[in-house]
Amino acid sequence: MPPARPEFSPLPRHVAVIMDGNGRWAESKGLPRYKGHEAGARTVREITEECARLGVQRLTLYAFSAENWKRPKREIDFLMKLLKRYLAGEQPTLMKNGIRFAAIGRLHELSADVLGEIEKTKAMTRENPKMTMVLALNYGGRGEIVDAARAFAGDALRRGKVPEVTEEDFAKYLYDPAGAEVDLLIRTGGDHRVSNFLLWEISYSELWFTRAFWPDFGIPQLHEALSDFAKRERRFGGLPER
Ligand code: IPE
Ligand code: IPE
Ligand code: MG
């Protein structure tokens, strides 16, 4: 793994991104919204490759929220088609860059063909050593905590007793236990909200908001966020080391 560039040191181990602003990007250019989603998919490739190159270990991308089903059917259908196309088209790039693919969310509610492509991409990239890219699909943060509580209760019932539970024990029931801590959360598109993303995982994340729409978030913008992160003092409730 190449050493992180000094201006990006320390590098966040786990970066999460709320990729917002595709529709407004398109509208600002007089284009239909779907063009913004297509452009956004190109940004996903660029940012994923750069994160892997720099040595980020985990990149979690919010691609479709549990609330996005409220959108017009036409837009949802397009997003699902794009997702399938993206996954199929991305498999060689993931292999070339040693990136492992994973997905979080209520995946069983996705259509069989999308689910099939997710499973295929996961299986193909399973042994890749460099970075894990996690797509959040039909994902909601509260839903994840409820699903974890349900799985926890199911285990307790099977064992016939409710065990002592620590935060670490509970985190094992999250969709992606290895991603239970996010170091840096980025939101593009100008809004300052979390929109039900990774609620458990961002409890001590550093936050980075930018007005740039997701299709305009390129490598220079990623570098800006990483160099700002590198300058921050993370205290986790303690006192600075002097
Ligand atoms: C983010 O862009 C992509 C998804 C939520 C799928 P939007 O589609 O939310 O774009 P804006 O926020 O309307 O500009
Ligand atoms: C958040 O963006 C979800 C994704 C980026 C997938 P939204 O556009 O759905 O969020 P709100 O509606 O602005 O909160
Ligand atoms: Mg949006």
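Ligands are counted one by one from 1 in listed order, and the atoms in each one are counted from 1 as well.
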Is there a donor in the side chain of [X] and an acceptor in the side chain of [Y], or the other way round, less than 3.5 Å apart?
| X | Y | value |
| --- | --- | --- |
| Trp25 | Asp216 | yes |
| Tyr34 | Asn22 | no |
| Thr121 | Gln91 | yes |
| Ser195 | Arg187 | yes |
| His223 | Glu50 | yes |
| Thr125 | Asn128 | no |

- Closer than 4.0 angstrom: is that true for some heavy atom of Arg187 and an atom of ligand 2?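 Yes, that is the case, since the closest heavy atom of the residue is under 4.0 Å from the ligand.
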Protein heavy-atom partner closest to [atom] - residue, atom, separation in Å:
| atom | answer |
| --- | --- |
| atom 11 (P) of ligand 1 | Arg24 NE, 3.5 Å |
| atom 14 (O) of ligand 2 | Ser195 OG, 2.6 Å |
| atom 6 (C) of ligand 1 | Ala63 O, 3.4 Å |
| atom 2 (O) of ligand 2 | Asp20 OD1, 3.6 Å |

Should you measure from each heavy atom of [X], which atoms of ligand 2 turn up under 4.0 Å away?
| X | answer |
| --- | --- |
| Phe64 | 6 (C) |
| Met19 | 5 (C) |
| Arg71 | 7 (P), 8 (O), 9 (O) |
| Arg193 | 11 (P), 13 (O), 14 (O) |

- May I ask you to decide if the ring planes of Phe170 and Tyr173 are parallel, tilted or perpendicular, using 30° and 60° as cut-offs?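 The arrangement is tilted - the two ring planes meet at 30° to 60°.
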- Using the ring of each side chain (for Trp, its six-membered ring), is Phe197 parallel, tilted or perpendicular to Tyr62, with breaks at 30° and 60°?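 Ring orientation of Phe197 relative to Tyr62: parallel.
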- Message: Salt bridge or not between Asp77 and Arg74? Use side-chain N to carboxylate O under 4.0 Å.
- Response: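 Judged by the 4.0 Å cut-off on N to carboxylate O distance, Asp77 and Arg74 do not form a salt bridge.
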- Is_contact(atom 9 (O) of ligand 2), protein non-hydrogen, under 4.0 Å: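 It does; a protein heavy atom is within 4.0 Å.
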- Query: Counting only heavy atoms, which portion of Glu27 has something under 4.0 Å from ligand 1: side chain, backbone, both, or neither?
  - Reply: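 Neither part.
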- Item | Interfacing atoms of ligand 1 (cut-off 4.0 Å, heavy-atom, His37) |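 Counting atoms of ligand 1 from 1, those under 4.0 Å from His37 are 3 (C), 8 (O).
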- Item | Polar atom proximity, Asn68 to ligand 1 (N or O, under 3.5 Å) |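 It does not: no N or O of Asn68 is found under 3.5 Å from an N or O of ligand 1.
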- Could you tell me whether Arg33 and ligand 1 have an N or O pair separated by under 3.5 Å?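 Indeed, backbone or side chain, Arg33 has an N or O that close.
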- Hey, is Gly21 one of the residues with a heavy atom under 4.0 angstrom from ligand 1?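 True for this residue.
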- Apply side-chain hydrogen bond (donor to acceptor under 3.5 Å, both in side chains) to the pair Asp183 and His14, showing each step before the final yes or no. CA-CA 5 Å; Asp183 299 300; His14 183 187; 5.9 Å; no
- Query: Got a donor-acceptor contact below 3.5 angstrom from the Asn196 side chain to the Arg142 backbone?
  - Reply: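 At least one qualifying donor-acceptor pair exists.
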- Item | Option among Tyr139, Trp200, Tyr175 that satisfies the side-chain hydrogen bond (donor to acceptor under 3.5 Å, both in side chains) test with Glu144 |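 It is Tyr139, the one option of Tyr139, Trp200, Tyr175 that forms the side-chain hydrogen bond (donor to acceptor under 3.5 Å, both in side chains) with Glu144.
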- Answer yes or no: does atom NZ of Lys29 have more than 12 heavy-atom neighbours from other residues, nucleotides or ligands under 6.0 Å?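 Yes, enclosed.
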- Query: Hey, which protein N/O/S atoms does the Mg ion (ligand 3) have under 2.8 Å?
  - Reply: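 Protein N, O or S atoms closer than 2.8 Å to the Mg ion (ligand 3): Asp20 OD1.
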